[in-house]
Amino acid sequence: MSALDVINNVSDIPKYTTLGTRTFKLLSINNLYRQFKVWWQGGSSSAYVRGSGCALSSAVMMATAFATKNINKLMSPTDFHNKLEKTIVGRSDTKSGTPMSPKGTVTLLKYYGVNATWNPYKSNTSKKTIDAHLKKGKPVLIWLYDTSGKYTKYLHTTVLVGVTNTGKWIMLDSGGKKLDGRYGVKIVDPTDVYNHIRFCNDGKASSNNYWYNLQSSSGVVFVNP
């Protein structure tokens with residue numbers, strides 16, 4: 001498999017067997033080519049965003065693909081947690097592993113010139129809305145709540161980057177969960193994924209930059225490059 005893969009449909013997406021097969025991906029969406037790199041979370045090698053979780057790892061994927069400013073400070077993603085994350089988002093303690101919230105993710109992306117908006121409420125975000133955004137070649141970060149173990153065992157952040165020719169969503173996942181024979185780049189059912197997105201349901205979405213409770217890490221972030 002080459003370092004760059006053009007992904008136009010399901011058959012072009014390889015079924016990974018190990019995490020070590022992480023590579024750059026060049027996705028063709030409506031003839032718009034965009035390069036992504038799937039970074040794994042929490043490990044110690046150069047393939048990982050070290051010492052951090054799924055939310056920061058997902059944000060790094062978007063920052064490295066769409067950054068338009070502060071490029072000189074877009075250092076190796078392995079340095080994000082210890083250096084840039086605290087500076088950009090405003091974290092002052094040294095605790096490792098606490099994930100950024102959607103608000104924190106937007107703050108980080110905007111620092112790099114990536115326009116992003118947080119929609120915490122289901123009433124403002126239908127499956128059709130997400131689908132239309134993806135078909136324009138614009139990614140969506142989602143916070144999944146799932147106790148079944150299919151996507152996660154609790155709360156997990158992933159990135160949707162496109163729609164296949166059969167209407168399935170293309171997901172980039174920093175976690176090690178295997179789905180349909182795939183790890184980092186997955187083909188997922190839109191209805192099932194949408195039903196697992198955690199939305200705020202009481203009209204009081206938290207404004208914390210980091211995970212505080214389910215209300216602070218809920219909804220979706222639309223990336224508008």
Side-chain angles (χ1 to χ4, degrees), residues 13-22 36-45 47-62 77-78 80-81 85 89 91 93 95-106 108 118-122 125 127 130 139-161 168-202 204-206 208-221:
I13 299 179
K15 290 189 176 183
Y16 295 123
T17 55
T18 67
L19 296 182
T21 55
R22 167 205 50 88
F36 295 94
K37 189 171 185 178
V38 180
W39 291 96
W40 305 110
Q41 58 173 295
S44 59
S45 77
Y48 291 79
V49 180
R50 298 180 186 176
S52 195
C54 54
L56 178 60
S57 300
S58 296
V60 168
M61 292 184 205
M62 297 301 96
T78 57
F80 264 77
H81 184 271
E85 182 184 5
V89 182
R91 189 174 180 83
D93 63 65
K95 184 177 181 182
S96 173
T98 302
M100 290 191 304
S101 68
K103 181 179 180 297
T105 299
V106 168
L108 185 145
W118 175 31
N119 283 15
Y121 305 113
K122 193 171 186 177
T125 313
K127 181 166 65 69
I130 295 175
V140 180
L141 286 89
I142 57 176
W143 277 255
L144 297 173
Y145 180 73
D146 173 29
T147 58
S148 72
K150 182 176 183 179
Y151 300 102
T152 179
K153 290 185 178 180
Y154 183 52
L155 190 66
H156 185 49
T157 309
T158 64
V159 185
L160 302 173
V161 293
K168 298 294 182 67
W169 286 348
I170 301 172
M171 175 188 289
L172 305 186
D173 186 0
S174 66
K177 273 288 181 183
K178 185 178 181 180
L179 184 65
D180 190 29
R182 301 175 177 90
Y183 287 103
V185 183
K186 302 173 181 177
I187 303 301
V188 295
D189 177 73
T191 299
D192 187 57
V193 170
Y194 183 78
N195 288 337
H196 281 92
I197 294 176
R198 165 73 192 190
F199 289 102
C200 298
N201 53 24
D202 63 3
K204 297 179 181 179
S206 170
N208 288 289
N209 281 324
Y210 283 80
W211 191 93
Y212 179 72
N213 52 30
L214 285 177
Q215 292 298 91
S216 69
S217 292
S218 304
V220 303
V221 167

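Because the structure is predicted, anything quoted here is derived from the model rather than measured.
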Does Ser218 offer a backbone N or O that forms a donor-acceptor pair with the side chain of Trp118 under 3.5 Å?
yes
With a 4.5 Å limit on heavy-atom distance, are the side chains of His156 and Asp173 in contact?
yes
Could you tell me which non-hydrogen atom of Met62 sits nearest to which non-hydrogen atom of Leu141, and how far apart they are?
CG-CD1, 3.7 Å
I want to check something: taking the side chain as every heavy atom from C-beta on, are Lys127 and Thr191 in contact at a cut-off of under 4.5 Å?
yes
Where do Ile142 and Met171 land on the side-chain contact (heavy atoms from CB on, under 4.5 Å) test, with the steps shown first?
CA-CA 10 Å; Ile142 57 176; Met171 175 188 289; 4.3 Å; yes
Within-4.5 Å side-chain heavy-atom neighbours: Thr105 and Trp143
yes
Residue pair Met61 / Ser174, side-chain heavy-atom distance below 4.5 Å:
yes
Considering non-hydrogen atoms only, spot the tightest contact between Tyr121 and Lys204 and give its length.
OH-N, 3.7 Å
For the student: nearest non-hydrogen atoms of Ser216 and Pro102, plus distance:
O-CD, 3.0 Å
How about Val185 and Leu172: do any of their side-chain heavy atoms sit closer than 4.5 Å?
yes
Backbone N or O of Tyr151 within a donor-acceptor pair of the Asp146 side chain at under 3.5 Å?
yes
Start with the C-alpha gap between Val140 and Trp169, add the side-chain angles, then the distance that decides, and say whether side-chain contact (heavy atoms from CB on, under 4.5 Å) holds.
CA-CA 11 Å; Val140 180; Trp169 286 348; over 6 Å; no
Keeping Asp192 on the side-chain end and Asn195 on the backbone end, is there a donor-acceptor pair under 3.5 Å?
no
Hey, is the main chain of Asn208 close enough, under 3.5 Å, to the side chain of Ser101 for a donor-acceptor pair?
yes
Closest non-hydrogen atom pair, Tyr145 against Thr147
OH-CG2, 4.0 Å
